[in-house]
Amino acid sequence: MPELPEVETVKRSLKKRVLNRKIASVEIFYPNLVKSDLPLFSEKLKDQTIKDIKRRGKFLIFCLNDGYLLSHLRMEGKYFMLPQAEAKMKHEHLRLNFSDGMSLRYHDVRKFGTMHYKEQHELFTSEPLNKLGFEYDDPALTPQRIYDKIKPSQRSLKSVLLDQTIITGIGNIYADEICFCLKKHPAYKVSKITKKTVEKMLSCMQATLNKAITLGGSSVRTYKDTLGFHGRFQNELNVHLQAGKPCPLCQSPIEKITVSNRGTYLCRHCQKKR
DNA sequence: ATAAACGCCTGGCGGC
DNA sequence: TGCCGCCAGGCGTTTA
């Protein structure tokens, strides 16, 4: 599943290929993908040039001359750059045809991905970006602010890490890895957390995400290469998808359990509930 | 107010 | 080999 490091990698890869290309036409094969007004979506994108691509949490933001195309890859969304003459792919749901004969194909087996068109004035003040919490490297993301926000709640550490309204960009893979780095059980109740632990949680998060970005993200079953992208962080995973393998710290076997209704990997010996 | 449960989707996989 | 049912899970919506 593409999370922040994968989306950041896709963003960098896309920037090399689509910047300054002009959209001549838009083809939509699966209309449910588009969550804003459908006729307006195609109409607004047409004849615009992609000036920049940014990222906010797990969203890609295609910056146009006027307005923005938002894209969320959810579980399996991918982009492919192909000549327009190439046949439609099996799970291709949307295509941007550029004026130079190339085309950007959006491919998504499970159709969970979403797209929106947004005007400048509403980009950050409307759904879906208005609900997002801190970017992982935002200087305003301080231990005190996160402590104040999470301390009163009865939630588990993992559900807090997955909550996009607190810090945005973390998904199931990195939540497990951050819990391991912090040496806390994913079901650890954050009502017990200390400010010092929050501080450590933030540094674990930043270290984990930065390392993953450096390595081009993780290529796992639900997320393989696109646009020539091959992540290498999957080789660095300490616990996620490692059930039965020895813990890198103590050699006891990694376990798989369910926390927050999600498959969760941990070392019960190294990661404490208190 | 908060949190758990559900629905959206399809392919891969284990079991028989 | 082939079929069936379960599982993966981000996130918006619904329910408790």
Side-chain angles (χ1 to χ4, degrees), chain A residues 1-8 10 28-38 55-61 70-78 88-94 105-116 118 126-136 148-179 186-193 209 212 217-226 234 237 239-244 254-266:
Chain A
M1 61 304 305
E3 303 178 27
L4 190 153
E6 291 75 35
V7 178
E8 178 64 25
V10 170
I28 302 170
F29 310 111
Y30 181 68
N32 287 349
L33 169 69
V34 177
K35 301 302 178 186
S36 55
D37 184 85
L38 192 60
R55 180 191 57 72
R56 177 80 174 96
K58 303 175 197 171
F59 284 88
L60 289 166
I61 307 175
L70 298 184
S71 169
H72 195 304
L73 306 174
R74 291 287 182 97
M75 302 303 295
E76 305 194 29
K78 298 171 181 64
K88 182 161 94 66
M89 307 167 80
K90 185 175 179 191
H91 298 289
E92 182 181 333
H93 305 312
L94 184 141
R105 320 286 183 95
Y106 178 73
H107 180 282
D108 187 345
V109 171
R110 287 163 72 183
K111 300 178 174 174
F112 278 6
T114 61
M115 291 197 191
H116 295 75
K118 290 286 167 184
S126 67
E127 305 273 324
L129 300 189
N130 63 340
K131 293 199 226 146
L132 299 183
F134 289 104
E135 201 57 42
Y136 85 107
D148 291 345
K149 171 92 181 167
I150 69 177
K151 182 75 175 175
S153 88
Q154 299 303 307
R155 305 172 64 179
S156 66
L157 174 62
K158 180 155 180 175
S159 85
V160 163
L161 288 170
L162 291 173
D163 187 337
Q164 303 300 303
T165 71
I166 301 173
I167 298 168
T168 185
I170 300 165
N172 208 34
I173 297 174
Y174 297 104
D176 284 355
E177 293 300 313
I178 293 165
C179 290
Y188 169 77
K189 294 289 181 191
V190 294
S191 54
K192 295 186 232 163
I193 208 162
L209 295 179
S218 304
S219 300
V220 296
R221 186 182 67 79
T222 54
Y223 198 71
K224 296 269 162 53
D225 57 302
T226 64
Q234 68 277 9
L237 296 173
V239 288
H240 191 78
L241 296 179
Q242 306 303 307
I254 300 300
E255 291 177 47
K256 185 184 182 189
I257 61 172
T258 297
V259 176
S260 269
N261 231 7
R262 283 177 175 83
T264 298
Y265 299 83
L266 76 157

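In what follows, every chain begins at residue 1, and chains take the letters A, B, ... in the order their sequences are listed.
- Minimum heavy-atom separation, A/Asn172 to A/Glu3: N-OE2, 3.2 Å.
- Listed for the A/Glu177 side chain is no donor-acceptor partner under 3.5 Å among the backbone atoms of A/Leu237.
- Looking at A/Arg155, its side chain has no donor and acceptor atom pair within 3.5 Å of the base of B/dA3.
- The distance between atom CD of A/Glu76 and atom C1' of B/dG12, rounded to the nearest whole Å, is 10 Å.
- Under a 3.5 Å cut-off, the side chain of A/Lys58 and the backbone N or O of A/Gly169 do not form any donor-acceptor pair.
- A/Asn32 places its CG atom 16 Å from the C1' atom of C/dC11, with the value rounded to the nearest Å.
- One N or O on the side chain of A/Thr264 and one on the backbone of A/Arg262 form a donor-acceptor pair closer than 3.5 Å.
- Across all strands, A/Tyr30 comes closer than 4.0 Å only to sugar-phosphate atoms, never to a base (heavy-atom distances).
- Looking at the side chain of A/Met75, the nearest of the listed nucleotides C/dG12, B/dT10, C/dG10 is C/dG10.
- The backbone N or O of A/Pro2 lies less than 3.5 Å from no partner atom in the side chain of A/Glu76, so there is not a single donor-acceptor pair.
- Note: NZ (A/Lys35) to C1' (B/dG7) measures 12 Å, nearest angstrom.
- Across B/dG11, C/dG12, B/dC9, the shortest atom-to-atom separation from the side chain of A/Lys90 is found for B/dG11.
- Proximity of a side-chain donor or acceptor of A/Asp176 to a complementary backbone N or O of A/Tyr265 within less than 3.5 Å is detected.
- If you take CE of A/Met89 and P of B/dG11, they are 14 Å apart, rounded to a whole angstrom.
- Contact annotation: A/Arg262 reaches the phosphate of C/dG10 (side-chain N/O to OP1 or OP2, under 4.0 Å).
- Formation of a donor-acceptor pair under 3.5 Å by the A/His93 side chain with backbone atoms of A/Lys111 is not found in this model.
- As rounded to whole Å, 22 Å separates atom P of C/dA16 from atom CD of A/Gln154.
- Rounded to whole angstrom, the span from the OH atom of A/Tyr265 across to the P atom of C/dC7 amounts to 13 Å.
- Closest to the side chain of A/Arg74, out of C/dG12, B/dT10, B/dA3, is C/dG12.
- Between A/Gln164 and C/dG10 there is no side-chain N or O to OP1 or OP2 distance below 4.0 Å.
- Atoms CG (A/Leu33) and P (B/dC8) sit 17 Å apart, rounded to a whole Å.
- Here the side chain of A/His72 is nearest to one of C/dA8, B/dG11, C/dC11, namely C/dC11.
- The side chain of A/Lys111 has B/dT10 as its nearest neighbour among C/dA8, B/dT10, C/dG10.
- Nearest nucleotide to the side chain of A/Lys256, out of C/dC11, C/dA8, B/dA3: C/dA8.
- Comparing C/dG10, B/dA3, B/dG11 by their closest approach to the side chain of A/Ser153 singles out B/dA3.
- Listed nucleotides B/dC9, C/dC11, B/dG11 differ in distance to A/Lys58; the shortest reach to its side chain belongs to C/dC11.
- At its two ends the helix from B/dT2-C/dA16 to B/dC16-C/dG2 runs along axes set 60° apart, each axis drawn from five pairs and the angle rounded to 10°.
- Atom NZ in A/Lys131 sits roughly 5 Å away from atom P in C/dG12 (whole-Å rounding).
- Within the 4.5 Å cutoff, the side chain of A/Glu127 has heavy atoms near those of the A/Asn130 side chain.
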